[in-house]
K.L.:
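Sharing a structure, written as structure tokens. Questions coming.
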Amino acid sequence: MSSLAAQLLGRTRSAVLGTLFLRPEVSLDVRELARLAGVSAGSLHRELRTLSEVGLLVRQEIGRQVYYRANQASPVFAELAGLLRKTSGLADVLREA
């Protein structure tokens, strides 16, 4: 059964946003983000580009590595993080416990 966030946002997008918005202090490269979100790195690139372009993610290049993190300065950060916490975040909390 898929989460409400996956139904609203799509599986890959909700996985990416959930991974980054529920841990806004963390910057992840594409491989690590794909592993944690449970999606393929190939399908992830398009989502990361789109989410960066609309200002939800911050893209940072360090040497040859590219890192992404949630943009806490985005006007919708708090609301979107709250929505993700309520829809997909609960499962993550229970799984970790």
Side-chain angles (χ1 to χ4, degrees):
M1 176 154 92
S2 63
S3 71
L4 181 58
Q7 292 294 320
L8 292 172
L9 302 170
R11 183 188 168 308
T12 302
R13 185 165 292 172
S14 67
V16 170
L17 290 175
T19 301
L20 294 173
F21 273 58
L22 298 178
R23 298 176 202 92
E25 68 285 350
V26 174
S27 292
L28 300 171
D29 67 18
V30 175
R31 285 182 190 246
E32 185 68 8
L33 182 55
R35 187 184 69 75
L36 291 173
V39 298
S40 72
S43 65
L44 192 56
H45 285 286
R46 183 178 60 242
E47 286 297 332
L48 292 172
R49 183 177 55 246
T50 301
L51 294 170
S52 296
E53 287 173 357
V54 298
L56 291 176
L57 299 181
V58 174
R59 181 181 189 271
Q60 181 181 19
E61 292 182 38
I62 301 175
R64 293 177 49 128
Q65 289 282 25
V66 179
Y67 294 89
Y68 292 89
R69 63 180 166 80
N71 183 1
Q72 296 182 40
S74 170
V76 297
F77 172 79
E79 289 87 357
L80 191 52
L83 176 68
L84 290 163
R85 210 173 291 112
K86 291 172 189 167
T87 57
S88 63
L90 183 59
D92 292 339
V93 170
L94 292 174
R95 188 175 20 255
E96 287 177 11

K.L.:
Between Leu22 and Leu51, is there shared hydrophobic-cluster membership here, with clusters defined by ILVMFWY side-chain heavy atoms closer than 4.5 Å?
P.N.:
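Looking at the clustering, Leu51 is in the same group as Leu22.
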
K.L.:
If you compare all heavy atoms of Tyr68 against all heavy atoms of Leu20, which two are closest, and at what distance to 0.1 Å?
P.N.:
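Scanning both residues, the minimum pair turns out to be O-CD2, 3.8 Å.
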
K.L.:
Would you mind reporting whether Val58 and Asn71 have side-chain heavy atoms less than 4.5 Å apart?
P.N.:
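They are in contact (side-chain heavy atoms under 4.5 Å apart), so the answer is yes.
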
K.L.:
Closest approach of Val30 and Ala41, non-hydrogen atoms and distance?
P.N.:
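Smallest heavy-atom distance, with atoms named: CG1-CB, 4.2 Å.
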
K.L.:
Any idea which heavy atoms bring Phe21 and Ala81 closest together, and the distance?
P.N.:
CD2-N, 4.0 Å

K.L.:
Atom CG of Leu48 and atom CG of Leu56: how far apart are they, to the nearest 0.5 Å?
P.N.:
11.5 Å

K.L.:
Please, which pairs that meet salt bridge (charged side-chain N to carboxylate O under 4.0 Å, His left out) have at least one residue in residues 54-74, sequence neighbours excluded?
P.N.:
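Salt bridge (charged side-chain N to carboxylate O under 4.0 Å, His left out) check on residues 54-74 returns Arg59-Glu61.
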
K.L.:
What residues, two or more places apart in sequence or in another chain, satisfy salt bridge (Lys or Arg N to Asp or Glu O under 4.0 Å) together with Arg46?
P.N.:
none

K.L.:
For Ser43, give me all partners under side-chain hydrogen bond (donor to acceptor under 3.5 Å, both in side chains), at least two apart in sequence or on another chain.
P.N.:
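Partners of Ser43 by the side-chain hydrogen bond (donor to acceptor under 3.5 Å, both in side chains) criterion, ordered by chain and then number, come out as Ser40.
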
K.L.:
In the structure I gave you, are the side-chain heavy atoms of Thr19 and Arg23 within less than 4.5 Å of one another anywhere?
P.N.:
yes

K.L.:
When you measure from the side chain of Gln72 to the backbone N and O of Pro24, does any donor-acceptor pair fall under 3.5 Å?
P.N.:
yes

K.L.:
Assigning hydrophobic clusters by single linkage (Ile, Leu, Val, Met, Phe, Trp, Tyr; side-chain heavy-atom cutoff under 4.5 Å), is Val26 placed with Leu36?
P.N.:
yes

K.L.:
So which atom in Leu44 and which in Val39 form the shortest heavy-atom distance, rounded to 0.1 Å?
P.N.:
CD1-CG2, 3.9 Å

K.L.:
Check Ala37 against Ala15 and note the closest heavy-atom contact, atom names and distance.
P.N.:
O-CB, 3.5 Å

